[in-house]
2 protein chains.
Amino acid sequence: MTQNLDLVFAALADPTRRAILSMLLEDDMAVTDVAEPFDMSLTAISKHLNILSRAGLISQDRRGRVKWCKLEPDALKVASVWMQGFGQFEPVHLDAFERFLKAELPDA
Amino acid sequence: MTQNLDLVFAALADPTRRAILSMLLEDDMAVTDVAEPFDMSLTAISKHLNILSRAGLISQDRRGRVKWCKLEPDALKVASVWMQGFGQFEPVHLDAFERFLKAELPDA
DNA sequence: ACTATATTCAACCATATGGTTGAGTGATGA
DNA sequence: TCATCACTCAACCATATGGTTGAATATAGT
C-alpha cells in the first residue's frame, strides 16, 4: 500500500512522465509515437513507460510488434485519497464528493 | 510551475516524509520531536525536513534554538489540481468543487 | 562561565535515477 | 527471403538520494 504510494508519487515526480500521461489522456499510443515529441532516445522513453507501468499508471498491451500504452487513471486515486487527508480535502467526505461528481458530470 | 510539481511529488514519494506530514497534521513540531519515532539519525530527519521545506509542504520557523515545523497543506493543492486532469477529477469543475466543499464543510 | 540541548555541517557510502549507445529480438510486409 | 520497423537488452556514465558518523554552531539554563 505505502509501497504503491511510493511508486505512484515517484513516477509523477518526473516532467517527462507527467507529459506522457497527459498525452495518453487523449488516446492510447504506441511506444514510438509516445517517444516522438521528446528530444530523447527511444530507450529512455521505454524506461519511463516501464516506471509508469510498475506504478500502475499505465497498462501496456503488446499486439504484434506494437506495444500499446493505455492510461490507467484509477491508479491516481490512491494518491488522491491520501492527499485528501490534508487541508480542505477531507477523506470522510469522499462518498459525498463522489455523489457530487456523479451529479455534476453525468457522462464522464 | 512544473518544477514545483517535481519537488512536491518527489517529496511525497518517500514514506518517511509522508509520515512526517501526517504527524504535522496533528500539530506543529520541533525537529527533535519529529525525529523521535523514527529509527533514523537526527541528521537524516533534518534532510527530509529540508526536502519537504523546499517543496513548500512545510515551513520552518526558528525560535531560539528550536526550529518549529508547520504543515503547509496548500502546497498539495498544485499536485491535487494536476491530478484532477485525469479520470473523474475534471479541472473544469474545480470552482463547483470548492463551492461544494464550502457547503459540506462549513468549519474545516 | 560552563554545560546541556537543538540543530546543522562536512565528508563519506551504497544504491537509484535518468540518460546514452550499440547490439539483439521478433513481427511485418514487399 | 530479406530488409525494415517496433521495441528491448546490456553496459556504461554522471548525478541524485537516503543514509551514516563526528565535529561544529548557537541558544538556554544554572
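By convention in this document, chain letters (A, B, ...) are assigned in the order of the sequence lines, proteins followed by strands, and residues within each chain are numbered from 1.
The nearest whole Å value for the distance from the CE atom in B:M29 to the P atom in C:dT7 is 11 Å. Rounded to whole Å, atom C1' of D:dT17 lies 7 Å from atom CD1 of B:I51. As rounded to whole Å, 11 Å separates atom C1' of D:dG19 from atom CG of B:D14. For B:H48 and C:dT8, the NE2 to P distance is 14 Å, given to the nearest whole Å. The CD1-P distance, from A:I45 to C:dT20, rounds to 9 Å in whole Å. Between B:L49 atom CG and D:dG19 atom C1' there is a gap of 15 Å when expressed in whole angstrom units. Going from atom CG of B:L52 over to atom P of D:dT17 covers 13 Å, rounded to whole Å. Computed from coordinates, the B:M40 CE to C:dT8 P distance equals 16 Å when rounded to whole Å.
Nucleic acid contact for A:S41: base, since at least one base atom lies under 4.0 Å from a heavy atom of the residue. At a threshold of 4.0 angstrom between heavy atoms, the contacts of A:A30 are confined to the sugar-phosphate backbone, with no base atom among them. B:L42 comes within 4.0 angstrom of a nucleotide base, judged by non-hydrogen atoms across all strands.
Cluster annotation: A:I45 is not connected to A:W68 through the hydrophobic network of ILVMFWY side chains, with a link wherever side-chain heavy atoms come within less than 4.5 Å.
At a cut-off of 3.5 angstrom, the base of C:dT7 holds no donor-acceptor pair with the side chain of B:R65. Residue A:T43 places no side-chain atom within donor-acceptor reach of the base of D:dC7, judged by atom type and a 3.5 Å distance cut-off alone.
For B:K67, a side-chain nitrogen or oxygen approaches OP1 or OP2 of C:dT8 to under 4.0 Å. An OP1 or OP2 oxygen of D:dC7 is reached within less than 4.0 angstrom by no side-chain nitrogen or oxygen of A:S46. For B:R17, a side-chain nitrogen or oxygen approaches OP1 or OP2 of D:dG18 to under 4.0 Å.
Comparing A:G64 and A:T16 along DNA chain C, the residue whose closest nucleotide (by nearest heavy atom) sits nearer the 5' end is A:T16.
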Chi angles and distances behind the side-chain contact (heavy atoms from CB on, under 4.5 Å) call for B:K70, B:L24
CA-CA 6 Å; B:K70 185 181 184 306; B:L24 291 177; over 6 Å; no

*Which is it for A:L76 and A:L21 under the side-chain contact (heavy atoms from CB on, under 4.5 Å) test, yes or no, and what are the steps along the way?*
CA-CA 11 Å; A:L76 280 172; A:L21 291 178; 5.6 Å; no

Candidate pair B:V31 and B:C69, rule side-chain contact (heavy atoms from CB on, under 4.5 Å), full reasoning: CA-CA 7 Å; B:V31 174; B:C69 303; 4.1 Å; yes

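Looking only at side-chain heavy atoms (C-beta outward), A:I20 and A:F38 come within less than 4.5 Å of each other.
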